[in-house]
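Notes follow the structure.
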Amino acid sequence: MKFLVDSPLGKLAKFLRACGFDTEYFGGMSAFALVKRAQQEKRTVITTNPKLSENPPIKVVMVKEGKPKSQLQTVIEALNINLATENFFSRCLLCNTEVEKIDGEKAKDLVPLKVFETFSEFWHCPKCDKIYWHGSHWENMKKRIFLKG
């Protein structure tokens, strides 16, 4: 499942990436350009703009402005998605590229020493070079997304 998220839904885009979905974010893009890109890349558009839902050649999910978790819930319900924790953090939160597991020794000089000493598994984004590990941020985001309420 691939998404194209328009502004002002940047935090929702990050949540969708955290869940493992291929999610592109384009703030400030014209409605015409957004629809064209969605058609070309076969992406579902997620938007707060009701005019975009009037474009039958694309699939659109309307969300209300507000908290990303409730927006995510709207998308999950609208598309009947079953979230799976095994896909969690499989994409870079910044650039949407799939992350790759790397050997701990390769991460040694790329993360703080305390992180290297505390964690044994690391992931690398080959596009933007960001390094990820299952630290407190990972756990907190997982709780925010997967716990009801």
TODO: For the pair Ile81 and Cys19, evaluate side-chain contact (heavy atoms from CB on, under 4.5 Å) and give the outcome as yes or no after the intermediate values.
DONE: CA-CA 11 Å; Ile81 296 172; Cys19 291; over 6 Å; no
- [ ] Step by step, work out the side-chain contact (heavy atoms from CB on, under 4.5 Å) result for Leu79 and Phe3.
- [x] CA-CA 11 Å; Leu79 300 174; Phe3 299 110; 3.4 Å; yes
Task: Test log, rule side-chain contact (heavy atoms from CB on, under 4.5 Å), inputs Val63 and Thr48 - done: CA-CA 5 Å; Val63 296; Thr48 58; 4.1 Å; yes
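For Glu77, the side chain to side chain donor-acceptor pair (under 3.5 Å) criterion is met by Gln73, not counting sequence neighbours. Not counting sequence neighbours, the partners of Ser7 by the side chain to side chain contact (heavy atoms under 4.5 Å, CB included) test are Tyr25. By the side chain to side chain contact (heavy atoms under 4.5 Å, CB included) test, Ala107 is found to be paired with Ile102, Phe122, residues two or more places apart in sequence or in another chain being considered. Under the rule for a side chain to side chain contact (heavy atoms under 4.5 Å, CB included), the partners of Glu117 that lie at least two apart in sequence or sit in another chain are Leu113.
Residue Ile46 comes nearest to Leu9 through the heavy atom pair O-CD1, 3.7 Å, listed as atom of the first residue, atom of the second, then distance. Counting all heavy atoms, side chain and backbone alike, Ala18 lies closest to Phe88 at O-CD1, 3.0 Å. Across Phe116 and Gly104, no two heavy atoms sit closer than the pair CE1-O, 3.0 Å. When all heavy atoms of Arg17 and Cys92 are compared, the pair lying nearest together is CD-O, 3.5 Å. Between Ile58 and Leu52, the closest heavy-atom pair is CD1-O, 4.3 Å.
Using cut-offs of 30° and 60° on the angle between ring planes, the pair Phe89 and Tyr132 is tilted.
Leu94 and Trp133 are assigned to two separate hydrophobic clusters, defined by single-linkage of ILVMFWY side chains at heavy-atom distances under 4.5 Å.
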Donor-acceptor pairs under 3.5 Å, side chain of residues 26-39 to any protein atom, not counting sequence neighbours: which ones?
| residue | atom | partner | partner atom | Å |
| --- | --- | --- | --- | --- |
| Ser30 | OG | Ala33 | N | 3.1 |
| Arg37 | NE | Glu41 | OE1 | 3.4 |
| Arg37 | NE | Glu41 | OE2 | 2.4 |
| Arg37 | NH2 | Glu41 | OE2 | 3.1 |

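Met141 CE to Leu93 CG: the interatomic distance, rounded to the nearest 0.5 Å, is 5.5 Å. The line from CZ of Phe15 to OG1 of Thr23 is 12.5 Å long, rounded to the nearest 0.5 Å.
Surrounding CD of Glu139 are more than 12 heavy atoms belonging to other residues, nucleotides or ligands, all under 6.0 Å away.
Residue pairs meeting the side chain to side chain donor-acceptor pair (under 3.5 Å) criterion with at least one partner in residues 89-108, sequence neighbours excluded, are Asp22-Asn96, Glu24-Asn96, Lys101-Glu121.
With hydrogens and angles ignored, the 3.5 Å screen pairs no side-chain donor or acceptor of Arg43 with any backbone N or O of Lys2.
Between Ile131 and the choices Val115, Val111, Val99, the side-chain contact (heavy atoms from CB on, under 4.5 Å) rule is met once, by Val111.
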